[in-house]
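So the structure is just underneath, and the comments pick up after that.
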Amino acid sequence: MTLLEPGTLLFVAVFALLLSGAFAPLEALGWWAGWFGDLADEEPPPAQGEPATIIPALERDVGRYVVFLSGIDSVSDEPVPQRQVRFLERLREEVSDAVVLQVFPYSVTNRALTGERIFARFWRWALRQKLGTRSHEQIAGMLINLRNTWQVLVSADRRYGPFYDRGTAALMVRQLRRAGYQDASGLPIVLIGYSGGGQIAVGAAPFVREALDAPVSVLSLGGVLASDPGLLAVRHLVHVIGARDRVHKAGAIMFPGRWPIFPYSPWNLARRHGKIRRLVLSPCNHTGDDGYLDETKLVEDGRSYFEVTVDVLAALVRDSTGPAPVASLTPVAA
Amino acid sequence: MLVTALDLIPPALALRPEAFQALLARPGFGLQGALVIVFLAGISTSFGQSVVLFANHVSPRRFVASLLVQAALFVLTFLAWSATVWGTAFLLMGRPAPFAAAAAAIGLAYAPQLFNFLVLTPYLGNGVGAALSVWTLLATLQAVGVTFDLARAETLLVAVAGWLAAQALQRTIGRPVARVGRWVRHAVAGTTLDPHEPPGLGPR
C-alpha cells in the first residue's frame with residue numbers, strides 16, 4: 001500500500017477533514033471549563049444611572065441596536081472584505097437611530113485567528129493567500145472558510161451548541177453594554193448573520209435575550225441555518241436569500257430538523273408559529289461578483305445588488321419592532 | 001513485539017485475516033502490543049466522550065488523569081469481553097485456544113477504535129462513532145475466526161452468543177464492578193460528572 005493509491009489518498013483526505021473537525025469544539029469547551037481564564041470574559045451591567053464604557057448611544061437618540069456577524073470568510077471582528085465594510089457604513093447611514101456593532105462569531109474567546117494564537121502565523125499566511133488573485137492561493141485561503149464552517153457546525157451540534165452559543169452571546173452582551181445598551185430598556189436588538197453567521201446568531205439569540213432582558217430578532221443574509229432551539233426564543237427570523245444563492249440551501253439539506261418530515265423540530269415549530277419569514281432578493285448569489293454585496297450588477301430599477309441588500313436589510317432593521325416585518329417588502333426583479 | 005503489533009494495524013484495519021495470523025505467529029501472540037493498542041483506543045474513546053469533563057469544569061490536570069483512568073477501565077472491559085468470547089468459543093464449539101491468543105487477536109481488532117476521538121467532530125461525530133463500531137465488529141469477527149479456526153457461520157454464532165453472555169454478565173456481576181468504575185472516574189475527575197446544562201447568562 002503506497003501513499004499514492006487512490007484509496008489511501010481518499011482515506012487520508014477524509015481523516016484530515018475529520019481531524020480538523022474533531023478539534024473544532026475544543027476552544028468552546030475549554031472556554032466553558034475555564035481553561036482560558038475567567039468564564040465568559042464578561043463585564044457586569046452598568047448600575048442604574050451609571051454611564052456605559054463607550055457612550056455613542058448617549059450622544060444621540062438610539063432606537064435599536066444591531067450586531068453584525070460576518071460570514072465564514074472572516075478572521076477577526078474587523079471585516080476584511082471592503083464590501084462588508086461599505087455595507088456596514090451604509091447600514092449606519094440608512095438606519096440613523098441604530099447602533100451597529102460587529103462581533104467575530106467564530107471564536108468564543110474573541111480572539112482573531114490572526115491574533116494571539118499558536119497558529120496565528122499560519123492564519124495570517126492563509127489570509128494573505130485568500131486575498132491573492134491566483135487560484136492556488138485562493139484554495140489555500142479556503143482553509144479559513146473550512147475552519148469557520150466547523151465552528152458553525154459546533155454551534156449547530158446539540159452537544160456543543162449550549163456552550164458555544166453562550167460564549168458568542170457573552171461577546172455580544174459585552175459589546176452591547178459597552179455601546180450603552182441598558183438592560184431591560186426594551187430597545188430592540190437585531191442580530192444580522194451573514195452566511196454561517198446566521199446560525200450563530202440564531203443560537204446566541206436566546207442567551208442575549210436572557211442576559212439583557214431584551215427583545216431580540218434575527219436577520220439572516222443567506223444564512224446557513226440549523227433547526228436550532230433558539231428559533232423559538234427570537235421575536236422573528238427573516239431569512240433573506242438570493243434566488244441564485246445555493247449555499248443557504250446547505251442548511252435545509254444538511255440538518256434533518258429542517259426536513260418537513262419532523263414536524264416538531266424547532267425549525268418547523270417556529271415556522272408554524274409564524275416566527276420565520278423568507279424574503280427572496282431575486283437575482284443575488286451568495287457571494288462574489290453577483291453576490292448580495294456586489295456593487296456592479298444592477299436590477300431593473302437601476303440599483304445595484306449591494307443597494308438592494310442595504311435597502312432591504314435597513315427596512316427590516318427599522319421594522320424590527322413590528323409583528324410582520326416582511327409585509328412592506330416585495331421581491332426585486334432582475 | 002510492540003512494533004510488530006503496530007505494524008499490523010493497517011492490514012487489520014483493512015480486515016485482512018493475514019494480520020491476525022501474523023500476530024498469533026509471534027512469541028506470546030503479540031499480546032503486549034495488542035494491549036497497547038487497546039489502551040490507546042481507550043484514551044481515544046475517552047477523549048471522544050470528554051464533553052462531560054469539560055461541562056463539569058474539570059481542570060486540565062484532572063482531565064488528563066481522567067483520560068488515563070478511563071483508558072485503564074477500557075482495557076479491563078476489553079479483557080472481560082475477550083474472556084467471554086474465549087469461553088463461548090470453547091463451550092459452544094469445543095475449540096480450545098490460549099486466552100492470550102484470543103485477547104491479542106481481539107485487541108488488534110480494536111484498531112478502528114484508535115479513531116474514536118473523531119466522535120468529537122461536530123455534527124458528523126455520532127455517525128463516525130457508529131461506523132467505527134461496525135468496523136470494530138467486523139475486525140473482531142475476523143480475529144475470532146482466525147484465532148479459533150472457525151467458519152464464517154460459526155464465527156457469527158460465537159460472536160452473537162458472546163455478546164448475549166456479555167449482556168447477561170453486565171446486568172448481574174457487572175453491576176457492582178461498574179459502580180466501582182464509576183466511583184473511580186468521579187474521584188479522579190473530582191466531580192460527579194453529571195450531565196450538565198450550563199446556567200444562563202442572566203443579568204447579575
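A note on names: the letters A, B, ... follow the listed sequences, proteins ahead of strands, and every chain is numbered from 1. Keep in mind it's a predicted model, so treat the numbers as computed, not measured.
Of the two parts of L124(B), only the side chain, counted from C-beta on, holds a non-hydrogen atom closer than 4.5 Å to a non-hydrogen atom of chain A. Using a 4.5 Å cut-off between heavy atoms, S59(B) touches chain A through its backbone atoms (N, CA, C, O) alone. For Y164(A), no part sits under 4.5 Å from any heavy atom of chain B, backbone or side chain. For V128(B), the part sitting under 4.5 Å from any heavy atom of chain A is the side chain, from C-beta outward, and nothing else.
When each of V58(B), L118(B), L53(B) is scored by its heavy-atom pairs under 4.5 Å with chain A, the top score falls to L118(B). Taking D157(A), L19(A), L29(A), V154(A) one by one and counting their heavy-atom pairs under 4.5 Å with chain B, the maximum is reached by L29(A). Per-residue counts of heavy-atom pairs under 4.5 Å with chain B were compared for P206(A), A184(A), A156(A), S155(A); the largest is that of A156(A).
At least one donor-acceptor pair under 3.5 Å links the side chain of T121(B) to the backbone N or O of L18(A).
At least one side-chain heavy atom of L26(A) sits less than 4.5 Å from a side-chain heavy atom of L120(B). Contact annotation: the side chain of H57(B) approaches that of W32(A) to within less than 4.5 Å [non-hydrogen atoms, C-beta and beyond].
The aromatic rings of F47(B) and F23(A) are tilted relative to each other, their planes meeting at an angle between 30° and 60°. Note on ring orientation: taking the six-membered ring where Trp is involved, the planes of F117(B) and F15(A) are perpendicular (angle over 60°, cut-offs 30° and 60°).
Taking the centre of each ring, Y123(B) and F255(A) come in below the 6.0 Å mark.
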